[in-house]
Amino acid sequence: MENENNRLVVATSPARSLVFFDLETTGLGQSCEIVQLAAVSGGHSLNLYTVPRCRMQRGAAKVTGFRVWRHRLYHHRCPVLTNSLKEVLVSFIAFLRMLDRPIVVGHNIRRFDCPVLARGLDEFDLKAEFQFAVSGCLDTLPLAREILKGRGLQSFRQENLVRIVVGISYEAHDALEDVRALQRLYGALRPTPEQVLRQSFTLDTMAEPAPKQPPAAKAKGSCRATGQWPLWKNFKQEVKVTEGPKGDTTGQGDATLIMDNGCK
């Protein structure tokens, strides 16, 4: 119980670093394997590839652009440098350690990415090292559903949320592009510590039922009908451009929003 309480305190700390994380895999089944692992935190990023030991499913190959030919990995017909799966996982843990026990953030990671990651960590006896390197995990899918409840959104897919909330389109299904976009989306959503706490979990607790969402707050006054214009037009954003390791601007920074919901 003491460890769990410590985790919850850490998870809601405003000074805690965030690492946005995503996987591309050979498919969506329980036995799928990692092909790409990407992570970003501010201007720091990690992007690694590995040749899977099982075949790419046709649907996954079509969506992601990954192909394996003669034990080499190709992305949109271009060969990419690869590492062993163990090297990829060890590098990810090292990246996390540099950021002083961050929260690992991803979209739909509780149901998909984290179980796949945990399976790989277990295979190489790295799960304890990962758990020690992080404060917990946070899934932005239920988080976005809670924050944007009652807004009339038809889809909470990440690319749809980025288009509506942030007002941009990007190349989805590339793990690095996905985490860069997710970092901007998270900055735009600006969740409260209580919301972060409700949607946080660990690899040991991710199989437990997700917490129920609180009821949506009733808006005061009359509001315009939902769906009259894109949601991002109701926001005022101030995005700071950060500088990457080589001085190149990443456009990834903190975002401040003012939400008026069309209410008068």
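With sequence neighbours excluded, the residues satisfying side chain to side chain contact (heavy atoms under 4.5 Å, CB included) with Ala133 are Ile93, Leu96, Arg97.
Residues Met98 and Phe92 share a single hydrophobic cluster, defined by chaining ILVMFWY side chains whose heavy atoms lie under 4.5 Å apart. Cluster annotation: Leu23 and Leu203 are assigned to the same hydrophobic cluster (Ile/Leu/Val/Met/Phe/Trp/Tyr, side-chain heavy-atom contacts under 4.5 Å, transitive). Linking ILVMFWY side-chain heavy atoms closer than 4.5 Å, directly or via other members, places Ile109 and Val63 in two distinct hydrophobic clusters. The hydrophobic clustering, which links ILVMFWY residues whose side-chain heavy atoms are closer than 4.5 Å, places Val116 and Val68 apart. Put simply, Val88 and Val19 are part of the same group of oily side chains (I, L, V, M, F, W, Y) that touch within less than 4.5 Å, one to the next.
The number of heavy atoms from other shown groups lying within 6.0 Å of CZ (Phe132) does not exceed 12. By the 6.0 Å contact criterion, NE2 on His71 is open, its count of non-hydrogen atoms from other residues, nucleotides or ligands being 12 or less.
No side-chain heavy atom of Leu117 sits less than 4.5 Å from a side-chain heavy atom of Asp113. Counting heavy atoms from C-beta outward, Leu185 and Leu189 have side chains that approach closer than 4.5 Å. Between Phe156 and Asn108 there is no side-chain heavy-atom pair separated by less than 4.5 Å. With a 4.5 Å cut-off on side-chain heavy atoms, Thr26 and Arg55 do not count as touching. Leu138 places none of its side-chain heavy atoms less than 4.5 Å from the side chain of Val104. With a 4.5 Å cut-off on side-chain heavy atoms, Gln195 and Ile147 count as touching. At a threshold of 4.5 Å between non-hydrogen side-chain atoms, the residues Thr64 and Val35 do not count as touching. Inter-residue side-chain proximity for Gln199 and Leu141 is flagged as unmet; no heavy-atom pair is nearer than 4.5 Å.
Under a 3.5 Å cut-off, the side chain of Thr202 and the backbone N or O of Thr205 do form a donor-acceptor pair. Judged purely by atom type and a 3.5 angstrom limit, Arg110 uses its side chain to pair as donor or acceptor with the backbone of Met206. Side chain of Ser41 to backbone of Leu18: a donor-acceptor contact under 3.5 angstrom is found. Judged by distance alone, with hydrogens and angles left aside, the side-chain atoms of Ser45 form no donor-acceptor pair with the main-chain N or O of Val40 at under 3.5 Å. With hydrogens and angles ignored, the 3.5 Å screen pairs a side-chain donor or acceptor of Arg119 with a backbone N or O of Cys32. Under a 3.5 Å cut-off, the side chain of Glu33 and the backbone N or O of Arg53 do form a donor-acceptor pair.
Using a 4.0 Å cut-off between a side-chain N of Lys or Arg and a carboxylate O of Asp or Glu, Arg145 and Asp139 do not qualify as a salt bridge. Taking 4.0 Å as the cut-off between side-chain N and carboxylate O, Lys86 and Glu129 do not count as a salt-bridged pair.
Pairing each heavy atom of Gly29 with each of Gln57, the nearest pair is N-NE2, 4.5 Å. Nearest heavy atoms, Gly27 versus Thr25: O-OG1, 2.6 Å. The nearest pair of heavy atoms linking Phe95 to Ala39 is CE2-CB, 3.9 Å. Pairing each heavy atom of Gln158 with each of Tyr170, the nearest pair is NE2-OH, 3.0 Å. Taking both residues in full, the closest heavy atoms of Ala144 and Leu161 are given as CB-CD1, 3.7 Å, listed atom of the first, atom of the second, then distance. Taking both residues in full, the closest heavy atoms of Ser31 and Cys54 are given as O-SG, 4.4 Å, listed atom of the first, atom of the second, then distance.
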Extract all donor-acceptor atom pairs below 3.5 Å that involve side chains of residues 77-85 and protein atoms in other chains or at least two apart in sequence.
| residue | atom | partner | partner atom | Å |
| --- | --- | --- | --- | --- |
| Ser84 | OG | Glu87 | N | 3.2 |
| Ser84 | OG | Glu87 | OE1 | 3.3 |

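Residue Thr140 holds its OG1 atom at 5.0 Å from NE2 of His107, rounded to the nearest 0.5 Å. Put simply, NE2 on His75 and CZ on Arg67 are 10.0 Å apart, with the number rounded to the nearest 0.5 Å. Atom CH2 of residue Trp69 and atom CE of residue Met56 lie 15.5 Å apart, to the nearest 0.5 angstrom. Summarising the geometry, atom CG belonging to Asp178 is positioned 5.5 Å from atom CD belonging to Glu24; distances are rounded to the nearest 0.5 Å. Summarising the geometry, atom CD belonging to Glu177 is positioned 12.5 Å from atom CG belonging to Leu182; distances are rounded to the nearest 0.5 Å. Separating the CD1 atom in Ile34 from the CG atom in Leu89 is a distance of 5.5 Å, to the nearest 0.5 Å.
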May I have the step-by-step check of side-chain contact (heavy atoms from CB on, under 4.5 Å) for Val105 and Ile103, ending in yes or no?
CA-CA 6 Å; Val105 185; Ile103 302 172; 4.2 Å; yes
Which is it for Asn160 and Arg163 under the side-chain hydrogen bond (donor to acceptor under 3.5 Å, both in side chains) test, yes or no, and what are the steps along the way?
CA-CA 5 Å; Asn160 187 58; Arg163 179 177 56 83; 2.4 Å; yes
Step by step, work out the side-chain hydrogen bond (donor to acceptor under 3.5 Å, both in side chains) result for Gln36 and Asp22.
CA-CA 8 Å; Gln36 182 187 13; Asp22 187 44; over 6 Å; no
Determine, step by step, whether Phe66 and His173 satisfy the side-chain contact (heavy atoms from CB on, under 4.5 Å) criterion, reporting the C-alpha distance in whole Å, the side-chain angles of both residues, the deciding distance to 0.1 Å, and the verdict.
CA-CA 10 Å; Phe66 284 110; His173 303 297; over 6 Å; no
Please report the C-alpha distance between Glu208 and Phe201 in whole Å, then the side-chain angles of each, then the deciding distance to 0.1 Å, and finally whether the side-chain contact (heavy atoms from CB on, under 4.5 Å) criterion is met.
CA-CA 9 Å; Glu208 298 175 2; Phe201 63 96; over 6 Å; no
Apply the test side-chain contact (heavy atoms from CB on, under 4.5 Å) to residues Lys127 and Asp204: give CA-CA distance (whole Å), side-chain angles for both, the deciding distance (0.1 Å), then the verdict.
CA-CA 10 Å; Lys127 185 176 178 180; Asp204 292 329; 3.2 Å; yes
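A cation-pi geometry, defined here as NZ or CZ lying under 6.0 Å from the six-membered ring centre and within 45° of its normal, does not hold between Arg180 and Phe20.
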